[in-house]
There are 2 protein chains.
Amino acid sequence: MDSQTAAEPLIKALRVEGSLPRDDEERLRALSFRVQTYAGDETIVAEGSQPGESCLVINGFAARVHFMEDGARQISAIHIAGDFVDLHSLHLETMDHEVSALGACEVATVPHEELLRLLDESPQLMWLFWRLTVKDAAIGRAWISALGRLAADQHLAHLVCELYQRLSAVGIADDHRFTLPATQIDLADMLGLSSVHVNRTLKLLRERGLLDWQNRQVEILRPAAVAELAQFSDDYLRLSSGERRSAFRKQANR
Amino acid sequence: MDSQTAAEPLIKALRVEGSLPRDDEERLRALSFRVQTYAGDETIVAEGSQPGESCLVINGFAARVHFMEDGARQISAIHIAGDFVDLHSLHLETMDHEVSALGACEVATVPHEELLRLLDESPQLMWLFWRLTVKDAAIGRAWISALGRLAADQHLAHLVCELYQRLSAVGIADDHRFTLPATQIDLADMLGLSSVHVNRTLKLLRERGLLDWQNRQVEILRPAAVAELAQFSDDYLRLSSGERRSAFRKQANR
DNA sequence: CGGGGTATTGACTTTGCTCAAGAAGCGTGG
DNA sequence: CCACGCTTCTTGAGCAAAGTCAATACCCCG
């Protein structure tokens, strides 16, 4: 993937969120993306750094990782292709966590300066970018309730439902199957569990005939049962009011 | 507090975030706030509703609450005076959780329509509002790592540190003391614990001479020790780059 | 002075963690 | 092509953290 096409996954993601005028689309294509490839576990943005650019995932997965004093990790978010991972670094000066690759991962970076100019030119893009961070926050809240109130098997099921839903929304997953290059250790760090317990929990779900998970390939065998176990509803992933601002604008212009 | 002064806590909070031009300040004051008072545990915004207005806390505390199928609750955020709790409902059509009062609470609501018009007029305000939601998201990430990787005593200590820091930043707390009208049940629902365990954990912290917590009054007796226990750093609460956009704008206008 | 919610404590259970060892998978270099 | 080493996966055994159930005490308010 070269710099020319790096904007496409983003444009696709933004179209899901709301109307994207053609000139804004062109503005996005005109950004000078620097595309880089990372191997699994490589650091993309370091904790404590003060990035001068924002990054978005083109291909693969990235994770936000927090480190505890004893070396324990906690992953607070997973980002997939089209996610503008690091949009918030426009607002946050110093990274309070790191962003790293979850499996091989292709990432495009854009200088903050260019983004700021872009947002200055197009309030509609600012609106859409804001929206992306709001959606991330909604996902974060779902993680909080899962961490706080779901048992290990439910939580794991919830994660699988969320990822499948998000991946299929951008056409990367289909037929209740997807690829997730995460080790059981990575999973443990997402779920706030030990890797041993993740292993046992996975085994349980397999034995119950709910999931198949081998060689980074996840298959949801009984989607309804998994969703029920996880108490999963995809409402929070469909913000679905992307048109309201533009609808308002039309109204205001009358 | 009447509608005239309802904007003040918000203006104060926005000033912390970045430069707030005088005309934007006036625009905020011109919004038609409807001020309402809620008693503890009252619902401010219902789950599943499609609010046509956003609300901000003027006084007291509000909580975002998620309900599980078995009736268990999980609180995913606490909002204090000046917090624009429900700014995200501009983007999210249907509430995936409820907002309720944590103790007596004064809230001002503004119609979405007015907010959208405001944002249309002032990209700088859109930027600042975006920034507020980014800050909330940073707090949310800290909750995720605390839920996932901190033990009960550490997590409780972390919550106390966070709240004290946020409250003192807007002048509501001082001298390592603050009022928190939360029952141990509420605390349990923030920490993802049972109320019994919260009780024992509080006892432990009291016995260790770290905290005093009586009659909704919290006092941090040994701030350094509490922060160390919690592995608390206030970095994530200080986004501290509020000026960068306006700095850029000046540059761009040259 | 009751009544309802809240706080406290004990006894017991459950969930998930730690430690440890062996098996399986995988990339690399001989 | 195989052997080696490294990481990941799997499983067992014992332990620790937190949950549940239940009884009692407290406290505020009408």
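Here is the naming used below: chain letters follow the sequence lines, and residue numbers restart at 1 for every chain. Owing to the predicted nature of the structure, the values given are computational and were not obtained by experimental measurement.
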(message) Tell me if the CG atom of B:Asn215 is crowded by more than 12 foreign heavy atoms within 6.0 Å.
(response)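 At most 12 heavy atoms, drawn from other residues, nucleotides or ligands, come within 6.0 Å of this atom.
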(message) For B:Glu219, I'd like to know if atom CD has over 12 heavy atoms of other residues, nucleotides or ligands within 6.0 Å.
(response)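 For B:Glu219, atom CD is crowded (more than 12 foreign heavy atoms under 6.0 Å).
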(request) Might you work through the side-chain contact (heavy atoms from CB on, under 4.5 Å) test for B:Leu56 and B:Val85, ending with a clear yes or no? (result) CA-CA 5 Å; B:Leu56 68 118; B:Val85 183; 5.7 Å; no
(request) Could you check whether the rings of B:Phe232 and B:His158 sit parallel, tilted or perpendicular, using 30° and 60° as the cut-offs? (result)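 Rings of B:Phe232 and B:His158: perpendicular, as their planes differ by over 60°.
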Do we see a donor-acceptor contact under 3.5 Å between the side chains of [X] and [Y]?
X: B:Ser195; Y: B:Gln184; value: no
X: B:Arg149; Y: A:His66; value: no
X: A:Thr94; Y: A:Gln50; value: yes

(request) Summarise how protein sits on nucleotides 5-23 of chain C as a single string, 5' to 3': B when a protein heavy atom is under 4.0 Å from the base, S for sugar-phosphate-only contact, - for no contact. (result) -SSBBBB----BSBB----
(message) Distance under 4.0 Å to a non-hydrogen atom of chain B counts as contact; along DNA chain D, which nucleotides mark the start and end?
(response)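 Extent of the interface on DNA chain D: D:dA18 to D:dC21.
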(request) Considering only NZ, NE, NH1 and NH2 on the basic side and carboxylate oxygens on the acidic side, decide whether A:Arg73 and A:Asp186 come within less than 4.0 Å. (result)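 A:Asp186 and A:Arg73: salt-bridged.
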(message) Regarding A:Glu162 and A:Arg166, does a basic nitrogen lie under 4.0 Å from an acidic carboxylate oxygen?
(response)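 A salt bridge links A:Glu162 with A:Arg166.
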(request) Tell me, please, which residues at least two apart from A:Glu53 pass salt bridge (charged side-chain N to carboxylate O under 4.0 Å, His left out). (result)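 A:Glu53: salt bridge (charged side-chain N to carboxylate O under 4.0 Å, His left out) contacts with A:Arg34.
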(message) Tell me which pairs pass ring pair (Phe, Tyr, Trp, His ring centres under 6.0 Å) where either residue lies in residues 166-186 of chain A, with sequence neighbours left out.
(response)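 Listed once each, the pairs are A:Tyr164-A:His176.
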(request) Kindly calculate the angle separating the two end axes of the helix from C:dC1-D:dG30 to C:dG30-D:dC1, each obtained from five base pairs, and round it to 10 degrees. (result)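 One end axis against the other gives 40°.
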(message) Please give me every residue in residues 71-79 of chain B whose heavy atoms get under 4.0 Å of an atom in DNA chain D, ordered by residue number.
(response)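 Here the set is empty: none.
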(message) Main chain of A:Leu92, side chain of A:Ser89: is a donor-acceptor contact present, judged purely on distance under 3.5 Å?
(response)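 No, because the side chain of A:Ser89 does not come within donor-acceptor range (under 3.5 Å) of the backbone of A:Leu92.
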